[in-house]
Amino acid sequence: MHRRFPEEQSGLVAGEQAMQSLELALQAASRAELRLRESIEALPHGIVFLDEDDRYMFWNEQYAEIYSRSADLLQPGARLADTLRIGIERGDYPEAIGREEQWLAERLERLQQPGSRHEQWLSNGRCIMIEERKIEGCGTVGIRVDITDLKQKEENFRLLFERNPLPMLVYDIESGLIRSANEAACAFFGYERQAMAGLAARDLFPETVWPQAAAMLAIDHSDTNNCWQMLHRDGSCVDAVVATRLSQLEGYSATIISIFDMTERRRIEQRMEHMARHDELTGLVNRAHCREHLCKVLSEQETADTVTIALVDLDHFKAVNDTYGHMFGDVVLKDAAARMLKLIPPDALLCRIGGDEFAIIFRRSSLMQAELVAKSIISTLSEPFFVHGHLIHIGATVGFASSPYDSRDPETLMRYADLALYAAKGEQRGSCRVFEASMDAAAQEKNKLEQDFRAAVSGGELEVHYQPLVNLTTGEVECYEALLRWNHPVRGLVPPDVFVQLAEEMGIIDQLGRFVLFEACREAANWPDHVKVAVNVSPLQFRNGKLLSTVINALSTSGLNAERLELEITEAVLMEKGPRTSAIIRNLRAFGIGISLDDFGTGYSSLSYLLNYPFTKIKIDKAFILNLHREANSRAVIRAVIGLGKSLGLTVAAEGIEREFERDYLRDEGCAQGQGFLFGKPEHGRTLTVPGRRAA
């Protein structure tokens with residue numbers, strides 16, 4: 001065996017140790033490279049390493065994703081210049097189109113002079129921020145940051161800034177200069193765009209307010225109640241609200257300034273305040289302002305002063321709207337207001353407080369003077385109005401109340417004037433009435449009656465009574481008229497003409513009508529088949545358009561044959577203009593329901609109504625029957641009505657028969673039916689005796 005010398009053995013050991021150290025170093029380097037790659041892969045941005053010849057060494061997945069269209073070109077050792085050229089040919093870089101070689105040269109030049117940033121747009125719409133740095137002896141490290149969202153936000157801000165109708169400025173806090181201004185700001189201050197950029201912000205404020213304004217421009221500030229004086233280019237001052245928002249723009253601290261021109265805002269506010277206190281159509285003070293003014297003059301009223309409020313209601317104005325339309329009505333209202341303005345004294349205030357209702361507040365006029373003005377107004381409004389070639393007639397009714405005689409309270413005074421107006425309208429339209437204490441007492445009494453009536457309706461205290469209509473020849477009952485009765489616990493029986501009017505004013509007449517109709521049909525279903533039931537129908541029931549369905553529902557619910565139901569209507573129903581009333585009547589007749597014209601002979605156009613509507617019966621008004629024995633004219637009317645009814649094939653009935661000679665006379669003249677106390681008073685259904693009645 002060959003024997004090694006000690007020196008040789010020592011050299012071998014040293015070599016082995018060196019190899020081990022090298023291996024350990026390589027392993028450490030490999031681990032470091034692995035950690036480096038892992039770290040680079042974890043970064044949210046694209047990273048690329050180029051050697052000193054600008055060839056690809058390695059890159060992370062984010063870099064490959066950014067340049068996905070060129071990912072097939074990414075190979076270790078591939079030249080960046082080659083991949084760029086191929087990418088240009090593919091259209092990956094839209095900025096290079098039309099200047100391909102120039103763009104490539106500029107891009108490679110930036111690569112050789114790294115340290116700055118530049119943007120690069122890709123064909124997929126993404127914008128990439130590129131930053132590259134040379135590492136001595138190691139090549140180049142490149143970073144790619146996707147700034148597409150940031151560029152979109154910048155573009156949105158630019159559009160919002162440039163196109164905003166509000167004046168907007170970008171203010172450089174450090175330099176105190178305006179960096180940018182939108183078109184609205186240039187127009188507002190009167191500067192050209194070029195002159196505005198670089199302008200000292202202090203030139204936009206008076207010297208006296210600049211220190212405070214400078215402090216305000218350096219903070220977030222949005223107090224819309226704080227108004228600043230600002231200067232136009234011509235030196236004129238304007239009031240404006242200034243809102244500020246701090247921001248970082250292109251590496252400098254900036255303030256985004258929004259300016260609200262208070263001139264326009266105050267004009268709008270004044271206009272809105274005027275609109276809130278004035279009627280838009282006539283320009284007169286409205287109800288709210290009227291009340292304020294009344295409160296004011298009453299609070300300032302001296303002992304010897306008289307304050308009078310007059311309420312003026314236009315007569316027949318609804319007919320103008322219904323006949324000609326609201327455009328004509330508006331013209332009449334404006335003309336009426338203009339006429340009244342010419343008649344009131346200088347210290348009086350004319351107001352429009354409702355659709356066709358006006359008020360006049362007289363401050364230092366006596367009640368007599370106010371009445372003279374009111375009569376002049378009634379006279380001038382009675383004169384015709386000429387509107388678009390049409391001659392239109394209205395009128396006016398006036399009610400008064402005065403302080404201190406009637407009340408010093410504004411609400412009470414207004415209510416008293418309204419009561420006087422109501423009394424004047426009830427007595428004679430085209431007149432004026434002064435408030436009297438009895439009017440308030442009557443109003444309180446009516447209010448109490450309304451409350452009692454509402455309680456009676458909800459509590460089921462109303463009753464349906466039935467009065468017979470008999471055949472004047474045979475004496476047999478052929479029909480019963482259903483009549484609503486209210487037996488008040490204190491007042492006793494309240495007349496129907498009182499509570500029916502209450503129901504119409506309270507808006508519950510349709511509810512009452514349905515109650516009577518359903519109750520009458522239910523009751524009549526138990527009578528013999530030859531006995532009919534008659535139910536009165538008000539104009540308001542026709543007007544709401546639900547009458548036909550209500551009648552059909554009552555018949556179907558009760559099982560009553562339609563031919564056994566008669567509906568009694570007055571001329572007031574027929575005075576409703578339009579096709580609805582006619583259509584409802586004809587549809588009711590089509591079902592076999594009888595239609596009776598009640599109170600015949602008291603209207604003006606009854607004859608024409610008989611010819612135009614399919615009536616089955618006419619009832620002679622009881623006023624003619626009561627005067628039968630002493631009025632030859634009454635007998636002549638009765639004879640004519642009976643003859644007319646026979647010629648038209650209608651049943652003729654007479655109301656109010658209380659004496660035998662009235663019955664005999666009507667029977668001899670050929671009247672078919674009679675109704676009145678001679679044959680029976682109205683009775684409740686529970687006590688009513690109907691021969692042949694079926695058990696309920």
Side-chain angles (χ1 to χ4, degrees), residues 117 119 121 125-127 129 145-277:
R117 296 176 177 178
E119 297 172 3
W121 284 93
R126 300 171 75 175
C127 185
M129 175 67 72
V145 180
D146 189 338
I147 60 170
T148 307
D149 290 342
L150 179 61
K151 295 298 289 184
Q152 185 62 49
K153 290 177 182 178
E154 288 181 356
E155 178 64 14
N156 290 341
F157 171 77
R158 186 187 68 79
L159 292 175
L160 178 63
F161 181 80
E162 292 293 341
R163 300 180 183 179
N164 202 309
L166 284 177
M168 296 187 72
L169 306 170
V170 177
Y171 170 67
D172 188 333
I173 297 176
E174 185 176 350
S175 68
L177 302 179
I178 301 299
R179 286 290 192 97
S180 181
N182 67 358
E183 290 184 8
C186 294
F188 178 74
F189 290 107
Y191 287 91
E192 298 293 331
R193 195 70 173 266
Q194 297 80 359
M196 201 77 182
L199 183 71
R202 68 182 306 147
D203 292 342
L204 302 178
F205 294 86
E207 283 295 325
T208 54
V209 303
W210 170 244
Q212 296 85 359
M216 178 267 297
L217 295 179
I219 60 173
D220 283 333
H221 177 85
S222 59
D223 184 0
T224 57
N225 295 316
N226 196 354
C227 192
W228 294 84
Q229 276 195 330
M230 302 194 77
L231 294 177
H232 282 166
R233 186 177 186 178
D234 61 8
S236 60
C237 277
V238 63
D239 291 335
V241 169
V242 179
T244 60
R245 176 67 64 186
L246 298 180
S247 184
Q248 285 294 128
L249 298 178
E250 299 179 359
Y252 67 93
S253 297
T255 303
I256 310 300
I257 304 172
S258 300
I259 299 167
F260 302 85
D261 184 1
M262 291 299 294
T263 306
E264 180 66 13
R265 175 173 168 178
R266 284 179 177 170
R267 186 190 69 79
I268 294 173
E269 287 176 349
Q270 290 171 357
R271 174 62 179 162
M272 291 178 65
E273 183 180 358
H274 179 85
M275 291 174 64
R277 298 166 63 84

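- Counting heavy atoms from C-beta outward, Val242 and Ser258 have side chains that stay 4.5 Å or more apart.
- Contact of the Ile256 side chain with the Thr244 side chain is not registered, since no non-hydrogen atoms from C-beta on lie closer than 4.5 Å.
- Within the 4.5 Å cutoff, no side-chain heavy atoms of Leu166 are placed close to those of Asp261.
- Shown here is Arg245, whose CZ atom has no more than 12 heavy atoms of other residues, nucleotides or ligands within 6.0 Å.
- The heavy-atom pair separating Phe205 from Gln229 by the smallest distance is CD2-O, 3.6 Å.
- The nearest pair of heavy atoms linking Cys227 to Asp239 is SG-CB, 3.4 Å.
- Between Cys237 and Leu231, the closest heavy-atom pair is SG-CD2, 3.5 Å.
- In terms of heavy-atom proximity, Phe260 sits nearest to Ala243 at CE1-CB, 4.0 Å.
- A pairwise comparison of heavy atoms in Ala181 and Cys186 identifies CB-SG, 4.2 Å as the closest pair.
- In this structure, CG on Leu169 lies 9.0 Å from CG on Leu217, to the nearest 0.5 angstrom.
- Residues Ile178 and Phe189 are not in side-chain contact: their nearest non-hydrogen atoms beyond the backbone lie 4.5 Å or more apart.
- Note on residues 226-235: no pairs pass salt bridge (charged side-chain N to carboxylate O under 4.0 Å, His left out), not counting sequence neighbours.
- Leu204 places a side-chain heavy atom less than 4.5 Å from the side chain of Tyr191.
- Counting all heavy atoms, side chain and backbone alike, Asp172 lies closest to Ser253 at OD1-O, 3.8 Å.
- When side chains are defined from C-beta on, Met230 counts as touching Ile259, because their heavy atoms get closer than 4.5 Å.
- Listed by chain and residue number, nothing satisfies the side chain to side chain donor-acceptor pair (under 3.5 Å) test with Thr208 (two or more places apart in sequence, or in another chain).
- Two residues are said to be in side-chain contact when any heavy atoms from C-beta on lie closer than 4.5 Å; His232 and Phe188 meet this criterion.
- Here the side chains of Leu199 and Leu177 are not in contact, with every heavy-atom distance at 4.5 Å or above.
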